[in-house]
Trainee: 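My structure is below; once you've seen it, I'll send some questions.
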Amino acid sequence: MAKSEFLIEAQARGFVFQCTDAAALDEALLAGTIAGYIGFDPTADSLHVGSLTQIMLLRLLQKHGHKAIVLVGGGTGQVGDPSFREEARQLLNDQRIAANLAGISRVFTPFLRFGEGPADAMIVNNADWLDKLGYIQLLREIGPHFSINRMLAFDSVKSRLDREQGLTFLEFNYSILQSYDFRELNRRFGVNLQMGGSDQWGNIVSGVDLVRRTDAKQVFGLTTPLLTTSSGVKMGKTAAGAVWLTAEHLSSYEYWQFWRNTEDADVGRFLKLFTDLPLGEIARLEALEGAGVNQAKIVLATEATALAHGRAAAEEAAETARRTFTEGAAAEGLPSIELPAAELAAGIPAFALFVRAKLAASNGEARRLIRGGGARLNDVVVADEAQMISGDAVLKLSAGKKQHVLVRPN
């Protein structure tokens with residue numbers, strides 16, 4: 001039974017899946033301030049909802065007076081994490097990595113408090129030490145502490161090999177570099193806790209073991225459960241694409257709408273993970289039935305959006321949704337696209353327009369949406385998938401009752 005405030009709340013909210021030594025970690029948390037980190041590789045210039053569990057875990061660590069460290073992978077991003085991937089990641093050039101690092105670094109600002117204080121968060125780039133490593137130096141210093149047999153047994157590696165898909169030597173080294181990161185962070189900043197998703201368990205345990213073997217120190221690893229919806233869909237993506245955490249990639253309204261569309265069975269779980277609401281209030285919302293579930297979803301959407309985009313943007317998104325759904329208004333706060341006025345005046349097939357508005361991922365999906373009666377133009381059902389849609393004013397496209405886009409002539 002946990003006694004430290006951080007572990008008590010982390011367990012109650014559903015963040016904890018595995019821990020290398022929960023009792024010893026609990027004692028360390030009770031003894032004083034600890035520093036914990038999570039790594040994020042720059043595979044894109046933003047992060048999506050799939051990374052939000054980890055960000056919220058860092059937020060929770062900081063809430064309870066501990067130091068949260070964001071490790072951005074300027075070094076490991078040059079290799080690519082092979083964990084549970086079907087094929088190797090595309091290697092990024094230095095310019096792309098630099099741009100992505102700048103982008104993802106901005107993601108954390110709304111969620112964490114940065115500064116120079118003992119419990120203020122900090123961002124560290126592992127390129128600061130990995131780029132300076134000599135190959136022979138690394139082999140001699142670190143190589144003897146890693147067993148190939150053990151590394152091959154990692155689920156993340158084994159699943160790739162079991163599918164008879166290649167695993168390059170470059171990717172195979174990722175676990176070693178991640179372990180080296182943990183030791184370096186421990187030496188530089190006193191970091192004694194690494195956290196991550198359950199797919200990182202093997203890498204995290206390797207880092208714990210490396211610090212013990214080389215520095216005779218006890219450090220800890222903690223993982224979160226793999227997060228999927230009740231229907232088995234992995235968090236972070238929709239038919240229209242990734243659910244990004246930055247407004248440059250996804251508007252606050254679309255972000256709000258993603259959470260509003262949460263499956264009924266997931267509302268309580270997501271309120272615990274992705275909002276700061278007290279557990280008692282969440283229990284009340286989770287117990288709602290019938291139409292009350294929709295109210296809980298609105299609370300979830302508004303609170304989650306307030307964290308990522310600010311309270312004002314969240315309340316504006318909620319009001320836009322209310323006007324759109326209850327009053328049928330073509331609210332100005334809806335996401336919009338611009339199309340050349342001449343092209344729109346000439347007419348665009350309905351199925352093609354719904355794809356361009358990102359209300360469908362493909363022509364086939366758009367055709368099925370229209371055939372099923374789920375597509376509307378200015379709140380009127382679109383009956384013919386080949387119907388030419390034209391106009392010289394703003395058009396409102398709808399997919400189902402909850403997804404709307406304004407098409408503006410430019």
Side-chain angles (χ1 to χ4, degrees), residues 43-44 46-52 85-87 90 227-266 270 294 297 301 304-305 317 320-321 324-325 328 330-331 333-340 343-344 346-391 394-410:
T43 55
S46 181
L47 298 173
H48 59 63
V49 166
S51 297
L52 191 54
R85 293 185 60 83
E86 294 184 358
E87 57 186 18
Q90 181 179 357
L227 192 63
T228 60
T229 66
S230 292
S231 58
V233 178
K234 190 174 181 180
M235 287 286 289
K237 294 183 181 294
T238 66
V243 183
W244 298 104
L245 297 176
T246 49
E248 293 83 0
H249 291 282
L250 191 74
S251 72
S252 55
Y253 176 83
E254 291 171 294
Y255 189 77
W256 187 97
Q257 197 61 55
F258 166 77
W259 294 107
R260 174 62 180 83
N261 291 336
T262 295
E263 296 176 32
D264 291 2
D266 292 327
F270 289 178
N294 288 328
K297 291 181 182 181
T305 304
T320 297
T324 303
F325 304 149
L334 289 174
S336 64
I337 63 168
E338 292 187 353
L339 296 178
E343 183 181 5
L344 198 55
I348 301 172
F351 71 88
L353 187 57
F354 273 80
V355 173
R356 293 179 68 173
K358 295 186 178 180
L359 289 171
S362 65
N363 289 342
E365 183 178 309
R367 292 178 188 274
R368 289 190 293 273
L369 174 70
I370 295 169
R371 291 171 193 162
R376 297 192 307 282
L377 169 64
N378 294 333
D379 298 319
V380 177
V381 173
V382 178
D384 182 1
E385 63 196 60
Q387 171 187 337
M388 298 299 289
I389 296 178
S390 61
V394 175
L395 304 174
K396 177 185 172 187
L397 299 182
S398 304
K401 297 180 179 180
K402 300 177 181 178
Q403 293 181 281
H404 310 272
V405 172
L406 303 180
V407 180
R408 304 178 185 275
N410 180 6

Trainee: Specify the closest pair of heavy atoms between Trp244 and Ala44, including all atoms of both residues, with the distance to one decimal.
Mentor: CH2-CB, 3.8 Å
Trainee: Taking salt bridge (Lys or Arg N to Asp or Glu O under 4.0 Å) as the test, write out the residues that go with Asp264, two or more places apart.
Mentor: Lys297
Trainee: Ignoring hydrogens and angles, state whether a donor on the side chain of His404 or Ser398 is under 3.5 Å from an acceptor on the partner side chain.
Mentor: yes
Trainee: Determine the minimum heavy-atom distance between Arg260 and Ala301, stating which atoms define it.
Mentor: N-CB, 3.7 Å
Trainee: Taking the side chain as every heavy atom from C-beta outward, state whether Val49 and Trp259 have any pair of such atoms under 4.5 Å apart.
Mentor: yes
Trainee: Between Ser51 (side chain) and Leu47 (backbone), is there a donor-acceptor pair under 3.5 Å?
Mentor: no
Trainee: How many angstroms lie between CZ in Arg367 and CG in Asp384, if you round to the nearest 0.5 Å?
Mentor: 9.5 Å
Trainee: Can you name the nearest heavy-atom pair linking Val405 to Ser336, along with the distance?
Mentor: CG1-CA, 4.1 Å
Trainee: Evaluate the criterion side-chain contact (heavy atoms from CB on, under 4.5 Å) for residue pair Ile389 and Val407; output intermediate values, then yes/no.
Mentor: CA-CA 11 Å; Ile389 296 178; Val407 180; over 6 Å; no
Trainee: Quiz question: by atom type and distance under 3.5 Å, do the side chains of Ser230 and Asp266 form a donor-acceptor pair?
Mentor: yes
Trainee: Going through the checks in order, is the side-chain contact (heavy atoms from CB on, under 4.5 Å) test met by Leu369 and Phe351?
Mentor: CA-CA 9 Å; Leu369 174 70; Phe351 71 88; over 6 Å; no
Trainee: Give a yes or no answer on whether the side chain of Glu365 reaches the backbone of Ala361 with a donor-acceptor pair at less than 3.5 Å.
Mentor: yes
Trainee: Please report the shortest heavy-atom distance between Ala352 and Asn363, naming the atom on each side.
Mentor: CA-OD1, 4.5 Å
Trainee: Can you find a pair of side-chain heavy atoms, one from Lys396 and one from Leu377, that are under 4.5 Å apart?
Mentor: no
Trainee: Establish, from distance only, whether the side-chain atoms of Ser252 and Thr305 form a donor-acceptor pair under 3.5 Å.
Mentor: no
Trainee: For the residue pair Leu395 and Leu344, establish whether any side-chain heavy-atom pair is separated by less than 4.5 Å.
Mentor: yes
Trainee: Taking salt bridge (Lys or Arg N to Asp or Glu O under 4.0 Å) as the test, write out the residues that go with Arg371, two or more places apart.
Mentor: Glu385
Trainee: Give me the atom names and distance for the closest heavy-atom approach of Phe354 to Ala366.
Mentor: CB-CB, 4.3 Å
Trainee: Let's go through Phe270 and Leu227 carefully: what are the C-alpha distance in whole Å and the side-chain angles of both, what is the deciding distance for side-chain contact (heavy atoms from CB on, under 4.5 Å) to 0.1 Å, and is it a yes or a no?
Mentor: CA-CA 10 Å; Phe270 289 178; Leu227 192 63; 4.2 Å; yes
Trainee: At what distance, to the nearest 0.5 angstrom, does CG of Asn410 lie from CD of Glu343?
Mentor: 11.0 Å
Trainee: Starting at CG of Leu397, measure out to CG of Leu406 and round the result to the nearest 0.5 Å.
Mentor: 8.5 Å
Trainee: Identify the heavy atoms of Ala304 and Tyr255 that sit nearest to each other, and give their distance.
Mentor: O-CE2, 3.7 Å
Trainee: For Glu254, what residues pass the side-chain contact (heavy atoms from CB on, under 4.5 Å) criterion, not counting sequence neighbours?
Mentor: Leu250, Ser251, Pro335
Trainee: Checking side-chain contact (heavy atoms from CB on, under 4.5 Å) against Ile348, which of Met388, Gln387, Arg356 comes through?
Mentor: Arg356
